[in-house]
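Residue indices begin at 1 and follow the sequence shown.
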Amino acid sequence: MTTPVCATASRAATYPSFSSYVRARGPVLLRTARSLTANPCDAEDLLQTALTKTYVAWDRIEDHRALDGYVRRALVNTRTSQWRKRKVDEFACDDLPEPHAVPEPDPAERQVLHDAMWRAVMRLPDRQRAMVVLRYYEDLSEAQTAEVLGVSVGTVKSAVSRALGKLRDDPELAPVR
């Protein structure tokens, strides 16, 4: 781990004990920071900020045996401040907005599309058709499809990819514009 406090590295000679503390306890403190955030990069930034606050207060810290507690408190306080400052995208209002009504598709059109899709699937070669049916109609995973057909997962992936390409190019399934 690199020293988290790069901005204060030039002044580290002022507090050599701070530098040795960061080198010794940095990995443990980073684990604490990672437990406070979901993102490892955010954890590093959080630790950097807490160590900067610790460095600024170094003269005022009387008991250097309690530094871990001080830095942990700085981590929690910094994270709490970040959490409070986050942007809120929701606003309270008296009236709820009306949802955009999505028109229900015509059942006859859905049946026409379903029939066209099935005819296109039936035009696929037997092996590709079997894989498409198992993957998308029977909802099996690639591994399960491979096991059922006695082929490798890579074979399933490539065959399904080719089959989907053929279905995309099928003129009967072309979108109406």
Side-chain angles (χ1 to χ4, degrees), residues 1-4 6 22 25-51 68 71-72 74-177:
M1 178 177 139
T2 60
T3 304
C6 300
V22 171
R25 301 300 295 162
V28 172
L29 295 170
L30 183 58
R31 278 196 301 273
T32 302
R34 283 187 177 159
S35 71
L36 295 172
T37 64
N39 184 328
C41 294
D42 290 343
E44 290 175 4
D45 291 343
L46 178 63
L47 179 58
Q48 171 98 16
T49 303
L51 288 174
D68 280 358
V71 175
R72 284 191 182 101
L75 284 167
V76 170
N77 290 347
T78 302
R79 181 66 184 133
T80 302
S81 294
Q82 291 171 345
W83 176 79
R84 286 182 179 150
K85 291 178 186 175
R86 79 184 193 284
K87 181 181 175 188
V88 176
D89 291 333
E90 295 180 16
F91 301 98
C93 61
D94 292 334
D95 298 323
L96 293 175
E98 291 297 322
H100 295 289
V102 177
E104 285 291 318
D106 180 21
E109 288 178 13
R110 288 186 64 199
Q111 188 61 45
V112 168
L113 180 60
H114 180 270
D115 293 343
M117 177 59 90
W118 191 247
R119 283 190 302 274
V121 168
M122 294 305 290
R123 285 190 293 272
L124 291 172
D126 292 342
R127 187 171 169 159
Q128 288 180 1
R129 182 174 55 245
M131 290 182 192
V132 167
V133 168
L134 290 173
R135 284 284 291 127
Y136 299 106
Y137 284 87
E138 297 296 324
D139 201 27
L140 297 182
S141 69
E142 290 167 341
Q144 291 168 327
T145 302
E147 185 178 330
V148 167
L149 296 176
V151 297
S152 70
V153 173
T155 301
V156 171
K157 287 180 180 182
S158 62
V160 167
S161 176
R162 284 192 302 276
L164 293 177
K166 288 179 182 179
L167 292 173
R168 274 187 221 101
D169 294 339
D170 191 299
E172 194 177 351
L173 298 177
V176 177
R177 294 183 190 193

Residues in salt bridge (charged side-chain N to carboxylate O under 4.0 Å, His left out) contact with Asp106, at least two apart in sequence or another chain: none
Determine the minimum heavy-atom distance between Gln128 and Ala159, stating which atoms define it. CG-O, 3.8 Å
Going by heavy atoms in the side chains, are Val151 and Arg127 under 4.5 Å from each other? yes
CD of Glu147: more than 12 outside heavy atoms within 6.0 angstrom? no
Thr145 side, atom OG1; Arg135 side, atom CZ - distance, nearest 0.5 Å: 5.5 Å
How long is the straight-line distance from CG of Asp42 back to CD of Gln82, given to the nearest 0.5 Å? 7.5 Å
Only counting residues at least two apart or in another chain, list the ones meeting side-chain contact (heavy atoms from CB on, under 4.5 Å) with Asp139. none
Taking all non-hydrogen atoms of both residues, which atom of Lys157 and which atom of Glu142 are closest, and how far apart? CE-OE1, 3.0 Å
Validation row: Val121, Tyr136 side chains within 4.5 angstrom (heavy atoms): no
After noting the C-alpha distance and the side-chain angles of Asp169 and Lys166, does the key distance pass the salt bridge (Lys or Arg N to Asp or Glu O under 4.0 Å) rule? CA-CA 5 Å; Asp169 294 339; Lys166 288 179 182 179; over 6 Å; no
Just jot down the salt bridge (charged side-chain N to carboxylate O under 4.0 Å, His left out) partners of Asp115, sequence neighbours excluded, or say none. none
Taking the side chain from Arg34 and the backbone from Pro40, do they hold a donor-acceptor pair closer than 3.5 Å? no
Hey, does Thr32 have a side-chain heavy atom less than 4.5 Å from the side chain of Val76? no
To the nearest 0.5 Å, what is the distance between CD on Gln144 and CD on Glu138? 11.0 Å
Examine the side chains of Ser152 and Thr155 and answer whether a donor and an acceptor come within less than 3.5 Å of each other. yes
Hey, mind stepping through Arg25 and Asp68 against side-chain contact (heavy atoms from CB on, under 4.5 Å) and telling me if it holds? CA-CA 8 Å; Arg25 301 300 295 162; Asp68 280 358; 2.6 Å; yes
Output for pair (Asn77 CG, Thr49 OG1), nearest 0.5 Å, gives 12.5 Å
Spacing of Arg119 atom CZ and His114 atom NE2 [to the nearest 0.5 Å]: 11.0 Å
So do the side chains of Arg72 and Val28 get within less than 4.5 Å of each other, counting heavy atoms only? yes
So, using salt bridge (charged side-chain N to carboxylate O under 4.0 Å, His left out) as the criterion, who are the partners of Asp170 when residues are at least two apart? Arg123
Measuring from atom CG of Leu113 to atom CD of Glu172, what distance do you get when rounded to the nearest 0.5 angstrom? 9.5 Å
Identify, with sequence neighbours excluded, every residue that meets side-chain contact (heavy atoms from CB on, under 4.5 Å) alongside Ala33. Ala43, Leu46, Leu47, Leu75
Any donor-acceptor pair under 3.5 Å linking the side chain of Ser158 with the backbone of Gly154? yes
For Arg110, what residues pass the salt bridge (charged side-chain N to carboxylate O under 4.0 Å, His left out) criterion, not counting sequence neighbours? none
What is the minimum heavy-atom distance between Ala120 and Leu173, and which atoms define it? CB-CD1, 3.7 Å
